[in-house]
Amino acid sequence: MKAPSSVPVEAQRPAEAPHLRMTDIHKRFQGVQALNGVSLLVRGGEIHALLGGNGAGKSTLLNVLSGLVTPDSGRIELAGQEVSIGHPREAQALGISTIHQELSTVPDLTVLENIFLGREEALTGKGSLFVNRRQIARRIQDLAGEFGITKSELWRPVGDFGALKKRVIEIVKALAVPPKVLILDEPTSGLEEHEKTLLFEHMRSLQRRGVALIWVTHHLDEVFGLADVVTVMRDGRTIARTETAELTPRELAVQMFGGDATELMEAADAVPARRRVDGDDAHPRLRALNLSRHGVLRDISFDVERGEILGIAGLAGAGRTELVRALMGLDKLHSGRIEIDGKPRRIGHPKVAYKAGLAMVPEDRKQLGILPDLSVAENISVSELGSVTAGGVLRSRRERALADSYIKSLGIKTPGPAEPIRNLSGGNQQKAIIARCLNTEPSILIFDEPTQGIDIHAKAEVHRLIRDVAEKGTSVIVIASEFAELISLCDRVVVMNRGALVGEIRDIPHRVATDGYDAVKHAIIDKASRADR
Amino acid sequence: MKNFRSGAARFLGIEGVPILLAFTAVAIGFALAVPSFADGDSVKYYLNEEVPIFIITAGLALVIIAGGIDLSVGAVLGLSAGTSLWASMHGFNPLVSVLVGVGTGLVFGLINGLVIVKFRLSDFIVTLGTLNVAAGLLVVLTDHVQLVGTRDETFLGLASSSVGGLTSAMVLTVLVIVALHLVLVKTGIGRRIRASGMGSAPALVAGLDVGRLKIYAYLVSGGLAGFGGVLLAARLNSVQAGMAGGYELIAVAAAVLGGVSLAGGRGGIWQAALGALLLVTLKQGFRLMGVDPLIFSIITGVCILVGVIVDRGARRFALTLRTPQPVQAPAGELQPATSKGR
């Protein structure tokens, strides 16, 4: 481990001045010291990974840099000059561009308008709006084309597209004006393998052009081989700044989480022990027969047994989320049947789904999961208020006790059950949502991207929770974009492609043991990405 | 010193405290400026007069918390006053007259709720429409003149009987506010209404029947507007077209002043009632000071803006002063509520 701006590193490249230097940045929010003397040093032509667990202060630091948050104290230098960044526009003028973790596009504007938004001058040069717009549009077209955005899509409103495409648009937007400093806040989350690869290539090419890249990611495996330098943050402080070449993944995990982290990491990656799936009964727990929804789902049939963890694999747009939304009664099915324990069920509303024993931990925790102004306890009880009411009247002591028991058993880190849930970190919010589902005592529990945007520590815990739930006989359906996650978690994986089920890989633990991990992964990828069916 | 500061901050952070302080300051100010302001009978008189405002504010606050907005409350109140007085004038017994008035409100509430939920229309537009329907019906009902004079003493007594020094209308109003508050805070259905007001998407995913809950809220709001109309008719014993016009805006203002967020999910019934108390007190104070009543709407508007800004400022102030609580978890696990960016 090296201290920030240690002498040997400087000496190796004497000619290069640090492109960006942030020194001793402090920021306090509502009684929480978010940044407590953070320093960051990034050179031009460097891919600099910024790592840390949820709540380490990475996002706040980046917000300081992109002008969204004003620090209480500290110094920011760009190419040797002290700068103050009081507004996102000033950051842009300084050549600092950001790919935000939360999407910042305007849904009603077209893709092209979004790319131009507030940056006409930077894109076209001063005062030459009319002359160059066409030419610029063509350049953006080429750039967008590389990321799979067609010409006609450039003229459609961003709101038409799903989360994945929005992220790609965000990336194109940030690259449209060549930045001097590019901030990437978890840019790969939700991206497909080939899009990730493409993004990494772009990062390398920007690096060659001397851009300073600051890259936040939860995926430690991506860091090695791409990042030159790693700065680790914890509890609002800089823990270490190290050249990647001098690091091992284990050391990195220790820097991020302290001593006990490595075993968790290994647990998260471990291939599951083979569990017996109880399929002896006459009926499966859930049977879906010929489910169809116009333009989205085509004739889908599958079963889920008791205690089984079924994975649904597929690329974005394959219809995975749409399938579970339909099962939950959130979207309408145009034909098909659902049977639970052999009994046909009509599920026209989520309320009916919960009554039938289904529950779902949704994707996009912030938009669909948490009820932000309710407390942790209230978020846990809300789906089954019968557990905390008597004759329709809330019993606050009972509610508190219920929350306390889940806080304890799931390890939810919160100052208390009365804390508003929005104050918790992503991983802990996710656990509270899981607690909410468990409180309905579901016989079928659906997880849609259960570990998106949470750190590896919380991820391992969520995986353990999912396994525990299945162990107790609940049937589990998991959607995950990362095939590795599905393979390590599931008993069986079905693969979706363009709204249809195109394949099934049974007995995953066994297959991994005999054929090897890569063979299983490739079997899934193959089915998921085949274009001509 | 520090303890005092953080104590004060915690005090200001309690819901309803800023509006209560504002009301106290205003009341003391008027009492000093106009001696007759604090006179018991005069206070009782003006509060009794403003009973309908309090009642529709309570119902409207529930709708806003449920994620909607009900602009029809004023017009429905006027129409219900008309229908109940009409019933009483035509010899129906008092109970039936009350039911006619409340029923008028319930019907409008049901229509509002059903149309908004089933056709997925904007709350604002739908209730703006029903506002005009109700106002128009009142014109038809009063046949362009006013309804005057039932001889049914029981009906008239609804509003003006004396109960422990207060009028029956005032007592009923307090009961309505307390009951609605309890429903919102202490019952499962109240919790569900608040949760669904926070955002229909996450509430649906959590299995809440968002549409039905919203219809309930509109039913309550409509029913209360009807009830307020009955009390108004009973007090005045006369109803004319255009009555209670503009009340909906005073009620919106009162709810916002009381800290009910128009975004839904946040705020409470009694805080909204305090907002109404502040507004009607201002009105009374300025009236006693001889300020032109026409200026009152300007003052109301300014008060709302100032009130909202002060209220938010006070809440922020309270948050910044609050000493960090001891946290069992490492501090790093708690994400600060950063500014949301764009």
Side-chain angles (χ1 to χ4, degrees), chain A residues 27-34 52-57 59-60 63 68-69 88 100 102 104 234-236 328 330 349-351 353-355 359-360 362 367-374 378-379 381-386 388-389 392-394 413-415 422-428 436 440, chain B residues 6 9 13 65 182-213 261 263-267 315-342:
Chain A
K27 178 69 191 178
R28 200 179 163 82
F29 286 111
Q30 304 177 358
V32 179
Q33 191 75 43
N54 286 131
S59 292
T60 310
N63 283 342
L68 289 168
V69 167
H100 286 283
E102 271 146 58
S104 67
R234 201 162 79 206
D235 300 343
M328 286 302 295
L330 285 159
H349 192 281
K351 196 176 168 182
Y354 277 88
K355 280 232 173 74
M360 178 167 81
Q367 298 296 322
L368 298 176
I370 60 167
L371 292 156
D373 293 324
L374 290 186
E378 290 164 339
N379 263 283
S381 64
V382 73
S383 289
E384 183 48 63
L385 282 171
V388 294
T389 53
V393 176
L394 291 163
K413 283 174 189 152
T414 167
R422 65 182 125 81
N423 292 352
L424 303 199
S425 71
N428 286 307
R436 171 200 293 172
T440 68
Chain B
S6 68
I65 290 166
L182 289 177
V183 167
L184 184 63
V185 175
K186 288 282 177 197
T187 68
I189 196 156
R191 171 71 57 77
R192 282 193 277 260
I193 284 178
R194 180 189 294 281
S196 64
M198 251 161 237
S200 58
L204 268 176
V205 169
L208 302 188
D209 200 340
V210 175
R212 183 172 296 184
L213 292 165
S261 163
R266 247 178 285 174
R315 244 178 267 167
R316 288 227 179 112
F317 178 68
L319 284 170
T320 50
L321 279 191
R322 195 170 61 184
T323 43
Q325 300 153 324
V327 176
Q328 303 107 322
E333 287 291 337
L334 285 172
Q335 256 174 0
T338 53
S339 61
K340 282 238 174 73
R342 272 163 277 184

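Predicted model, so just to flag it, every value in this text is computed and none were measured. Below, chains carry the letters A, B, ... as their sequence lines are ordered, and counting in each starts from 1.
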*Measure the spacing between CG of L385(A) and CZ of R192(B) and express it to the nearest 0.5 Å.*
5.0 Å
*Between L330(A) and L204(B), what is the shortest heavy-atom contact and its length?*
CD2-CB, 3.9 Å
_Non-hydrogen atoms of L394(A) and G188(B) that approach each other most closely_ = CG-N, 4.0 Å
*What is the distance from atom CG of L208(B) to atom OH of Y354(A), rounded to the nearest 0.5 Å?*
8.5 Å
*What part of V183(B) lies closer than 4.5 angstrom to a heavy atom of chain A: side chain, backbone, both or neither?*
neither
*Of the backbone (N, CA, C, O) and the side chain (C-beta and beyond), which part of E384(A) lies under 4.5 Å from a heavy atom of chain B, both, or neither?*
neither
*Which answer fits T440(A), side chain, backbone, both or neither, if we ask what part of it has an atom under 4.5 Å from a heavy atom of chain B?*
neither
_So which residue, N379(A), V388(A), L374(A), ends up with the most heavy-atom pairs under 4.5 Å with chain B?_
L374(A)
*Side-chain donor or acceptor of S383(A) paired with backbone N/O of A206(B) under 3.5 Å*: yes
*CZ/R212(B) to NE2/H349(A) distance, rounded to the nearest 0.5 angstrom?*
8.5 Å
_Please enumerate all residues that pass side-chain contact (heavy atoms from CB on, under 4.5 Å) together with I65(B), with sequence neighbours excluded._
L184(B), R194(B), V260(B)
*Of all the heavy-atom pairs spanning M198(B) and P372(A), show the shortest one and how long it is.*
SD-N, 4.3 Å
*Between R266(B) and D373(A), what is the shortest heavy-atom contact and its length?*
NE-OD2, 3.0 Å
*Looking at OG1 of T389(A) and CD1 of I189(B), how far apart are the two atoms once the value is rounded to the nearest 0.5 Å?*
11.5 Å
_Can you list everything that forms a side-chain contact (heavy atoms from CB on, under 4.5 Å) with P202(B)? Sequence neighbours excluded, please._
L371(A)
